[in-house]
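One-based numbering, in listed order, for ligands and for the atoms of each.
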Amino acid sequence: MPKTFTAQDFTARMARATETAAQAGLSGLVITPGPDLLYLTGYRPVAITERLTALVLTPGRPPTMIVPRLERPDAEGAPGAAALTLTDWTDGTDPYAAAGRLLDPNGRYGISDSSWAMHLLGLQEALPASSYRPLTRALPMLRAVKDADELERLAAAGAAADDAFRAILQVAFAGRRENEVAADLARLLTQYGHSQVDFTVVGSGPNGANPHHEAGERVIQPGDTVVLDFGGLKDGYGSDTTRTVHVGPDIPDEVRTVHEVVRRAQQQAFEAVRPGVACQEIDRVARAVITEAGYGDYFIHRTGHGIGLTTHEPPYMVEGEEQVLVPGMCFSIEPGIYLPGRFGVRIEDIVTVTENAGRRFNNTPHALATVS
Ligand code: ZN
Ligand code: ZN
Ligand code: ZN
């Protein structure tokens, strides 16, 4: 088990978030339940409901969290509670008026992306001169750089996903539905320590050409190419890996060719990882390999996304993202070629930025594996 995050860790995270908000010209941050609140306080309400819970971070003032009174005991039990001032509101009173008293009526705030529209609209109605920007735009790097304990968890989640991949190579594919193989993957992720399975993509034959195909009723055939993309959370941190396999030993030349192009794209993008390189450069490197091979029109997906408390978060490896890589960032490198009506190939590893290069958290072989 990795170490548990302490009130001290949460104090440091909240102080850093508040400081970054001030540097970004914000009056403060409004954080509602979800990954940002979990990251900053360790608090995850039992259910995320219409009752307002919000952490308010303001430079020069202690972090304050407003909660429904009936949930106050839960909030007091949160790992970061000792670092917070708690206040509450009761059913029958106006939570936005109460929360508004914690805010500057003319303030510009960053607010959690996942904040319910009703909460944001409630605050705007209570304080008409206040304004809000989503955290992904206002503070995209809030959770992007991981500390040593977070890296340890992400590495362990990656290793567990790798174990699940090795095990799935042993199950039967031909004659079974995609859904059945997906259920095997979910069971294996759980068996190897995941507490939550987020996705189990089994894209066989033409279904592999849709990067976001999940799994369906299609019966897998001998000769199919199958995209397997799966992940979830282990000890609170995400895994996400893709390998493409072939059913049976008779691999058509084009499948070999396409797979090799994707493999080279993934490898070269990985080799480009080092501090100071822009995120879009990782996308460009992968895209250049695929375009040179003549498949540029079929790489219809960005190259990668950040990962941490959630399986998709900033930074994004995509054209236009000029944010530079910083040691401790973690993200996917997942180039693919998607041939409509035929098949798809994707190879995905989670990678972290070290002092001078990249380090993979997924380490199963990239060679095209065959299954039966
Ligand atoms: Zn995607
Ligand atoms: Zn994936
Ligand atoms: Zn991914």
Side-chain angles (χ1 to χ4, degrees), residues 35 113 136 143-144 146 153-155 157-166 168 178 181-182 184-186 188-189 192 194 196-204 207-216 225-234 237-245 259 262-263 265-267 269-270 273 279-280 282-283 286-287 290 298-321 325 329-340 344-353 358-364 366 369:
D113 294 359
T136 280
R143 292 184 277 114
K146 274 63 182 181
R153 289 172 195 234
L154 282 156
D162 286 355
D163 286 339
F165 176 68
R166 289 186 198 95
I168 203 71
E178 291 175 344
V181 176
D184 288 342
L185 274 172
L188 287 164
L189 283 171
Y192 290 113
H194 281 64
Q196 180 180 315
V197 176
D198 283 358
F199 45 86
T200 51
V201 171
V202 180
S204 67
N207 288 341
N210 170 3
H212 286 178
H213 175 74
E214 268 276 329
T225 298
V226 187
V227 177
L228 301 170
D229 183 351
F230 48 97
L233 299 182
K234 180 178 187 292
Y237 279 77
S239 68
D240 182 4
T241 185
T242 308
R243 293 292 182 264
T244 302
V245 300
H259 190 273
V262 174
R263 192 199 62 75
Q266 212 280 349
Q267 181 61 26
F270 170 71
V273 173
C279 291
Q280 65 181 359
I282 303 305
D283 183 80
R287 208 161 289 280
I290 290 176
Y298 303 104
F299 181 12
I300 51 178
H301 193 276
R302 66 184 175 215
T303 293
H305 54 83
I307 188 167
L309 286 169
T310 64
T311 44
H312 286 96
E313 60 188 41
Y316 295 101
M317 305 300 123
V318 67
E319 184 63 34
E321 182 47 85
L325 299 181
M329 278 182 178
C330 297
F331 54 87
S332 70
I333 299 181
E334 51 176 303
I337 294 176
Y338 305 98
L339 301 174
V345 171
R346 176 163 68 256
I347 299 174
E348 175 179 24
D349 292 326
I350 299 304
V351 165
T352 187
V353 186
R359 175 188 153 210
R360 284 188 168 99
F361 287 156
N362 296 109
N363 292 286
T364 59
H366 286 181

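- A search for side-chain hydrogen bond (donor to acceptor under 3.5 Å, both in side chains) contacts involving Glu214 returns nothing, not counting sequence neighbours.
- Just one residue in the list Arg346, His213, His301 forms a side chain to side chain donor-acceptor pair (under 3.5 Å) with Tyr338, and that residue is Arg346.
- For the Zn ion (ligand 1), the set of protein N/O/S atoms nearer than 2.8 Å consists of His212 NE2, His301 NE2, ordered by chain and number.
- Annotation: Phe270, atom CZ; neighbour count of heavy atoms from other residues, nucleotides and ligands within 6.0 Å is above 12.
- The side chain to side chain contact (heavy atoms under 4.5 Å, CB included) test with Val202 singles out one residue from Asn207, Asp184, Leu185, Asp229, and that residue is Leu185.
- Centred on the Zn ion (ligand 3), the OD2 atom of Asp240 and the OE2 atom of Glu348 lie at an angle of 90°, reported to 10°.
- No more than 12 heavy atoms of other residues, nucleotides or ligands shown are found within 6.0 angstrom of CZ on Arg359.
- If you look at Asp229 and ask which of its N, O or S atoms sits nearest the Zn ion (ligand 2), the answer is OD1.
- Arg243 has its side chain within reach of Ile347: a pair of non-hydrogen atoms, C-beta onward, lies under 4.5 Å apart.
- Between Phe230 and Phe165, the angle of the ring planes stays under 30°, which puts this pair in the parallel group of the 30/60° scheme.
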